[in-house]
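All values derive from a computational prediction rather than experimental measurement. Position 1 is the first residue of the sequence, and the numbers go up from there.
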Amino acid sequence: MINSNSKITIDCLRALSLDQIANAESGHPGVALGAATTFYTLFKYHLNIYPNTPDFFNRDRFVVSAGHASSLLYATMLCAGHKNIKINDLKQFRKLGSITPGHPEPNLLPGIEITSGPLGQGIAAAVGMAIAERKLANMFNIYGRVIDHYTYCFHGDGCLQEGVAYEAINLAGNLKLNKLILLYDSNKIQLDGKVSDSTSMKVRKFFHACGWNHIYVKRGNSVSAIKKAISAAKCSSKPTVIQINTIIGYGSQKAGLNTCHGSPFTKEEVRIMKRHWKYDYAPFSIPNSVKSDFTDFINKRGSQKLTNFYSEVNLLEKRDIACYNSLIKIIDSQIAFDSNWFKNIKFKPKTATRQIVGELVNILVENIPTLIVGSADVSSSTKIGSNSMSVFSSANYAGQRINYGVREFAMAAITNGIVAHGGMKAIASTFLPFMDYNKSAIRLAAIGHIPSINIYSHDSITVGEDGPTHQPIEQISSLRLIPNHYTFRPYNVTESIEALKFAINSKKSPVTIITSRSGFEQIEVDSKNIEKGAYVISPSTDKYKLTIIATGSEVATAITVQELLKRKHIDSRVVSAPCLELFKDQNQQYINHILGDKPVVSIEFGSTSPWYKYVDLSIGIDEFGRSGNAKDVVSYFKLTPQKIVSRIVNSPILKKKGRD
């Protein structure tokens, strides 16, 4: 039985959720009604947070993978005493400019751990947070338990239908992340109908096969049963999924029906429901008993958790000042980058940038113990994560390299979780044409201001024999279209160092670095203007007739084109543009200075259309590649320096007196 005060609080969470949805005339009432008891039990009895200091470092992490449960999350945070959310914020639910959007966003409301919405990614992010906890605990729990918290993730049936969840669950079991607990809202209904219409998976057997502990809660409205299940999960040596049998839309006229998943109830329907519950409180109000039953309970435990954390930190300071200083730096997000780490590095001529960036990342890993890197089973090709690097595993949480297996999507989403946890940086790596598996996770990182890092090799049709499936065309342009995201395609060592510097120092934006498989001629430059995204790398005389702008390995092509044009008495200048997003951020005076006042040609072996924002002629490729020797493929697409010169010379742009 639920005691009277508990019932009032749970009904309050349901009522506040419905009030938000009815007021907004938009939202998902079904999950809020069905899962209120789960949220209540987790927050009251188990979740170690301190609402007055929602970002204290050793708090438990709670990820709501089923982001459409946002109204319930906001209601629970308010009743828990979070200082950054007020009743009026609930009244602004799903309205422009509010801190309570349709799906939670951490940059808007402290206490939200990560942006969720696309189902399944929250589970992967939670795996990342659990990885971060194990890694940091291994580093700092020398004399006590400085880092000692759980990661909880609330999800529904839909999350378990997305492949990214399966990928992440499998890896989590392999890594034995026993401080990861999934709260599975198993209501057997989804938007289009019954879950059984599309799914026949045996949940217990699946999780057991993946190395997980499985607990089934038959009565989803039983506080004691859910409380007991979470306590049992905390004692497991494996990650645990708690499958909680609930009723979607519980307590409403549409209980158990798919029609209440995403269709709001009217204010009158909400009023009738509350009367049926015998809940006699005005809309957007909180009964007095909620404070003693819920708010005070959570804050007392959270305050003790915070006090214990500071005691552990003080103990560390007394016993190991160097370790203490490292901890304080990561808590304050002061992960340092020092260009002097690379002052003695040398490479052979014509070194591919994948090799350059790979060696630079190895140096970063040696100097930044909280940096973890991973690859989707292609580290020998991307060069990110050398074989000499210690592998993160259930037997070695000190490792700085994760072997993700062929799980590109989960890798990117887990990387988001590692970084969102705080105190760590993480790099994920695969081939550029496989970026499309990752893009949804990169997009969520950009929305949620998570500065995760992705490094892609095999950047163009020069991959050659592997053919069009492995030759990116539209991927670079696609990455550049993501707001709050920076794409680097470095040409040489200096640009590569600057790209990594920007990525490590980034606080609110994910960063992608693209490297070449093939080697090419490189010249070194002063790094002064690289941070502006584009700069003149090979100047001309004052009588130049053309500006050529290129990225990555095509800068070498552009410089050769410049030399060939000079033989035809056409003077030109070459601009290297390692990051167009940074270039776009500069003032118009600098942009005009770099582009010059003469016609501009871009050279990049990919989609041409986006370049026309800056150029008069874009030379690239707008069809899929071909399988063959790299030189033959480049020649086939008329992208050799000689053929590019021919295109420029025969183009009408040279007849222009200046830029349009």
Side-chain angles (χ1 to χ4, degrees), residues 353-354 382 408-409 412 428-447 452-463 466-491 495 499 502-503 509-518 533-534 547-555 557-558 575-586 591 594-595 600-626 633-634 637-639 644 647:
T353 50
R354 66 170 175 170
T382 66
E408 290 93 351
F409 191 0
S429 181
T430 187
F431 295 172
L432 181 57
F434 305 156
M435 176 281 300
D436 296 297
Y437 285 126
N438 301 148
K439 188 183 173 187
S440 182
I442 297 173
R443 187 173 186 272
L444 276 193
I447 292 171
S452 52
I453 305 169
N454 287 275
I455 298 180
Y456 299 111
S457 68
H458 293 56
D459 63 337
S460 78
I461 58 169
T462 55
V463 170
D466 278 333
T469 61
H470 284 54
Q471 295 174 9
I473 300 299
E474 75 282 12
Q475 279 77 13
I476 298 177
S477 295
S478 179
L479 285 164
R480 287 174 179 151
L481 290 173
I482 302 173
N484 188 38
H485 169 259
Y486 291 84
T487 305
F488 285 81
R489 192 172 179 228
Y491 155 69
E495 289 186 8
F502 185 91
S509 304
V511 176
T512 292
I513 299 173
I514 297 169
T515 65
S516 73
R517 176 188 173 188
S518 305
T547 294
I548 304 171
I549 185 169
T551 71
S553 53
E554 279 86 272
V555 174
T557 302
V575 170
S576 178
C579 183
L580 288 179
E581 294 90 340
L582 280 176
F583 184 52
K584 181 181 65 176
D585 289 343
Q586 305 309 308
I591 292 173
I594 294 301
L595 295 178
V600 181
V601 174
S602 65
I603 303 175
E604 187 173 66
F605 294 175
S607 300
T608 62
S609 297
W611 277 103
Y612 282 103
K613 175 179 180 179
Y614 298 111
V615 307
D616 301 283
L617 174 63
S618 179
I619 295 176
I621 174 172
D622 292 309
E623 59 180 287
F624 293 120
R626 298 291 188 277
V633 173
V634 170
F637 286 108
K638 300 180 180 179
L639 294 172
I644 291 173
R647 287 188 62 182

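- Considering CD1 of I594 and OH of Y614, their distance stands at 12.0 Å, rounded to 0.5 Å.
- To the nearest 0.5 Å, the span separating OG on S509 from NE2 on H485 amounts to 9.0 Å.
- In this structure, I482 and L479 have side chains that are in contact, with non-hydrogen atoms separated by less than 4.5 Å.
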side-chain hydrogen bond (donor to acceptor under 3.5 Å, both in side chains) between T382 and S429: does it pass, once the steps are laid out?
CA-CA 7 Å; T382 66; S429 181; 3.1 Å; yes
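- Aromatic ring centres of F605 and F637 lie farther apart than the 6.0 Å criterion allows.
- Between F434 and F431, the angle of the ring planes stays under 30°, which puts this pair in the parallel group of the 30/60° scheme.
- The CD atom of E474 sits 12.0 Å away from atom OG of S609, with the distance rounded to the nearest 0.5 Å.
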Do S607 and R480 pass the side chain to side chain contact (heavy atoms under 4.5 Å, CB included) test, and can you show the C-alpha distance, the side-chain angles, and the key distance before you say yes or no?
CA-CA 12 Å; S607 300; R480 287 174 179 151; over 6 Å; no
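- Under the 4.5 Å side-chain criterion, counting only non-hydrogen atoms from C-beta, T462 is in contact with V634.
- For the atom pair CD1 of I619 and CD1 of I603, the computed distance is 5.5 Å after rounding to the nearest 0.5 Å.
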Quick one: do T487 and T512 satisfy side-chain hydrogen bond (donor to acceptor under 3.5 Å, both in side chains)? Show the steps, please.
CA-CA 5 Å; T487 305; T512 292; 5.1 Å; no
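- Considering only heavy atoms from C-beta on, T430 stays 4.5 Å or farther from Y437 through its side chain.
- Among residues two or more places apart in sequence or in another chain, the salt bridge (Lys or Arg N to Asp or Glu O under 4.0 Å) test is passed with R626 by E623.
- Remark: side-chain polar atoms of Q475 are paired, donor with acceptor, to backbone N or O of I473 under 3.5 angstrom.
- Counting only heavy atoms from C-beta outward, the side chains of D585 and Y486 approach each other to under 4.5 Å.
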